[in-house]
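A short worksheet on the structure shown next.
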Amino acid sequence: MVAGELVQEHMPPDGITIARKSPELRGASERCADATYAAAPTATTRGETDTERELEQEKEVPADEREAMLPNGGGGGGGGGEVGEKRLETRLYGRRFAVLAVFSLYSLLNAFQWIQYSIIANVFTQYYGVTNDKVDWLSIVYMVAYVPLIFPATWLLDRKGLRLTSLLGAGLNCAGAWLKCASVSPELFGVTVTAQVVCSVAQVFILGLPSRIASVWFGPREVSTACATAVLGNQLGTAIGFLLPPVLVPNTPDDVELTGHNISIMFYGTAAVSTVLFILTVIVIKDRPSLPPSQAQAVLPDSPPEDYSYRQSIVNLIKNKAFVLLLVSYGIMTGSFYSVSTLLNQMIMACYENQELNAGRIGLTLVVAGMVGSILCGLWLDHTKTYKMTTLIVYGLSFLGMVVFTFTLNLDNIYLVFFTAGVLGFFMTGYLPLGFEFGVEITYPESEGTSSGLLNAFAQIFGIIFTLIQGKLTTDYKPLAGNLFLCAWIFLGIMLTALIKSELKRHNVNMGLDSNHLQAIPTECPGDCRSETKSNGVKLEHSISFSPETSL
């Protein structure tokens, strides 16, 4: 099967109605500012002459103009020829790249602070006089904090918007970085734990934002690539976290003062950069652009309606069987990545002595290869929209990569480990944005922040469990035992992914409203029109049906 043979069936959404201002209703709609619009399958009540005139006009409209307007047609009820076209105006702003860049950078710094302890665990155990498991908890705390806090964080994102959530993420990240500067003393391990807890809370306001930023700021032809780029920032932070700490803080067990000085340089540098990024966040990031970037965003409300229920949104997601399967499979894959990243230093040191620098470089290879995989997967999704097929293939290749990494780790060939870690990272880390975007597609029109938040919550839960169990197996037995444990779970994830029923709801709304399969018809403005029914002039009914993802 070649790329050119992959196609997507696009069926127009059923049960949507688009209201028009016909001459008879124009006065009523002016008196009712909250007039409701809806979209329904093509139906005309005009004569054959009007219908032919419509078809001629439709042929004259350039394709690129039709992409930004509702389908032609005047609708029934008199004066059909005089009714103007109702457009859902969309626009792409250059500011979207600045928003994406600033978010990616402070997400990068947060990921750097997550892994900066684990990759030089032997240095911190000697400096603070603690055991390996206590240093492991400096990484695990990121996962522990996320699970209970994700629900208030996603509620805040839905209610208060992108800007406030971003400010909290960047601000707490900055505060935690400065608090670490006060922990550079062998007896102040408790202070560094507190600082890491603050950074872990900041992460709660960061990890769920890539899909929201992509959906709210980017057009339908670039949304998956934008989400992959936002996720890439976090991955790049992990990569730098693997690379820099072993260089900045080399192992000097006989000179505690020098070790403390080196740790101080790393902490103060992180704090300075985090301060600059917080200021940029205040200046650059806004809730949303003035005009929506896509039809799927145009038909959604600009703000939650008064009767919006966050609890009901969660219930709707839990009742979505496809999303529940994705929750578990995403949790298994991402939790495995978290576990491998946290324990990589211990695995390398168990097989290769005095290779702290190479352990960091192997981690860098793992994540940089994953960054390349993320971008390529995002571009592929924007081009083909084959979400389930791509997700399943990448999942299967991640399993093969994990098996190869497991059985080549102890062959006394460090260069082979570099290669196998790169292959593993390309697919395992490249899977992360796939899960985000797939989740948004099958749960539309529910909030992107809520679906992404739940996906991350399951990733953290599995990450905690996998890290503790794999760490125990690695310490008591060998890295082989811990890696085989992960292989078994990833194979289960493949089975669950294969069971997901793929319905590309967001994509089908974009395609349906961009095509001429739908026609506007007038609807009367009720006397008690309420503001919560407004969504940029269009109301989405819950009777929408969507075509599944297919390939020929």
Side-chain angles (χ1 to χ4, degrees), residues 109 111-142 177 179-193 195-196 199 237-271 273 338-368 409-410 412-418 421 425 467 470-472 474-476 478-479 482:
L109 199 65
F112 174 82
Q113 296 195 81
W114 164 56
I115 206 66
Q116 67 181 163
Y117 292 101
S118 296
I119 197 59
I120 49 173
N122 56 322
V123 174
F124 280 105
T125 54
Q126 292 168 4
Y127 182 73
Y128 285 113
V130 295
T131 57
N132 266 330
D133 62 317
K134 287 185 171 61
V135 175
D136 288 344
W137 271 99
L138 292 174
S139 174
I140 296 173
V141 70
Y142 262 60
L179 189 56
K180 287 181 181 181
C181 296
S183 70
V184 186
S185 182
E187 67 274 7
L188 294 180
F189 182 72
V191 177
T192 207
V193 170
Q196 190 73 338
C199 293
T238 304
I240 296 174
F242 281 127
L243 178 66
L244 280 186
V247 175
L248 296 175
V249 189
N251 188 15
T252 55
D254 299 329
D255 194 339
V256 178
E257 276 192 25
L258 180 59
T259 301
H261 174 72
N262 293 333
I263 292 174
S264 180
I265 290 175
M266 180 173 67
F267 284 169
Y268 274 103
T270 304
V273 175
Y338 290 161
S339 183
V340 169
S341 300
T342 301
L343 301 172
L344 184 62
N345 175 269
Q346 296 179 36
M347 286 191 284
I348 300 299
M349 297 302 293
C351 299
Y352 304 88
E353 293 183 4
N354 302 318
Q355 293 289 339
E356 292 93 349
L357 278 176
N358 275 331
R361 291 166 183 163
I362 290 171
L364 176 67
T365 303
L366 181 89
V367 180
V368 169
L409 181 62
N410 60 350
D412 200 25
N413 188 337
I414 193 72
Y415 299 106
L416 181 60
V417 178
F418 272 93
T467 302
Q470 188 186 10
K472 183 69 173 175
T474 300
T475 302
D476 293 351
K478 293 180 180 179

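Hydrogens, waters and symmetry mates play no part in the numbers below; they use all other heavy atoms, side chains included.
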Original post:
So, do Phe189 and Leu138 sit near enough that their side-chain heavy atoms are less than 4.5 Å apart?
Top reply: yes

Original post:
With a 4.5 Å limit on heavy-atom distance, are the side chains of Ser341 and Phe242 in contact?
Top reply: yes

**OP:** Measure the CE-CG distance between Met349 and Leu344 for me, rounded to the nearest 0.5 Å.
**Re:** 11.5 Å

Original post:
Given Tyr352, which of Ile362, Asn410, Asp412 fulfils the side chain to side chain contact (heavy atoms under 4.5 Å, CB included) condition?
Top reply: Asp412

Original post:
So do Pro186 and Val256 actually touch side chain to side chain, heavy atoms under 4.5 Å?
Top reply: yes

Original post:
How far apart are the C-alpha atoms of Ile263 and Phe124, what are their side-chain angles, what is the distance that settles it, and do they pass the side-chain contact (heavy atoms from CB on, under 4.5 Å) test?
Top reply: CA-CA 9 Å; Ile263 292 174; Phe124 280 105; 3.8 Å; yes

Subject >> Any Thr131 side-chain heavy atom under 4.5 Å of Thr125 side chain >> reply: no

**OP:** Show your working on side-chain contact (heavy atoms from CB on, under 4.5 Å) between Asp136 and Leu343 and close with a plain yes or no.
**Re:** CA-CA 8 Å; Asp136 288 344; Leu343 301 172; 4.2 Å; yes

Original post:
Is the Tyr142 ring parallel, tilted or perpendicular to the Trp114 ring (thresholds 30°, 60°)?
Top reply: tilted

Subject >> Results of side chain to side chain donor-acceptor pair (under 3.5 Å) for Lys134 - residues two or more places apart only >> reply: none

Subject >> Heavy-atom side-chain contact between Tyr117 and Pro245 under 4.5 Å >> reply: no

**OP:** To the nearest 0.5 angstrom, please state how far the CD atom of Gln470 sits from the OH atom of Tyr338.
**Re:** 15.0 Å

Subject >> Nearest-0.5 Å distance, CD1 of residue Ile120 to CD of residue Gln126 >> reply: 10.5 Å

**OP:** Assess whether atom CD of Glu187 is packed by more than 12 heavy atoms of other residues, nucleotides or ligands within 6.0 Å.
**Re:** yes

Subject >> Set of side chain to side chain donor-acceptor pair (under 3.5 Å) partners for Asn132, sequence neighbours left out >> reply: none

**OP:** Report yes or no: does Ser264 contribute a side-chain atom to a donor-acceptor pair with the main-chain N or O of Gly260 at less than 3.5 Å?
**Re:** no

Subject >> Gap separating the CG atom of Leu243 from the CD1 atom of Ile119, nearest 0.5 angstrom >> reply: 10.0 Å

Original post:
So do the side chains of Val123 and Thr259 get within less than 4.5 Å of each other, counting heavy atoms only?
Top reply: yes

Original post:
Any side-chain heavy atom of Thr270 within less than 4.5 Å of one from Lys180?
Top reply: no

Original post:
Taking all non-hydrogen atoms of both residues, which atom of Gln196 and which atom of Gln113 are closest, and how far apart?
Top reply: NE2-O, 3.0 Å

Subject >> Backbone N/O of Leu188 and side chain of Thr192: donor-acceptor pair under 3.5 Å >> reply: no

Subject >> From OG1 (Thr365) to CG (Asn358), nearest 0.5 Å >> reply: 9.0 Å

Subject >> Polar contact flag, side-chain donor to acceptor under 3.5 angstrom, Gln346-Thr474 >> reply: no

**OP:** Run through Thr252, Val184, Val249 and flag the one making a side chain to side chain contact (heavy atoms under 4.5 Å, CB included) with Tyr127.
**Re:** Val184

**OP:** Return yes if a side-chain donor-acceptor contact under 3.5 Å exists between Ser118 and Thr342, otherwise no.
**Re:** no

Subject >> Over all atoms of both residues, closest heavy-atom pair of Ala271 and Ala177 >> reply: CA-CB, 3.7 Å

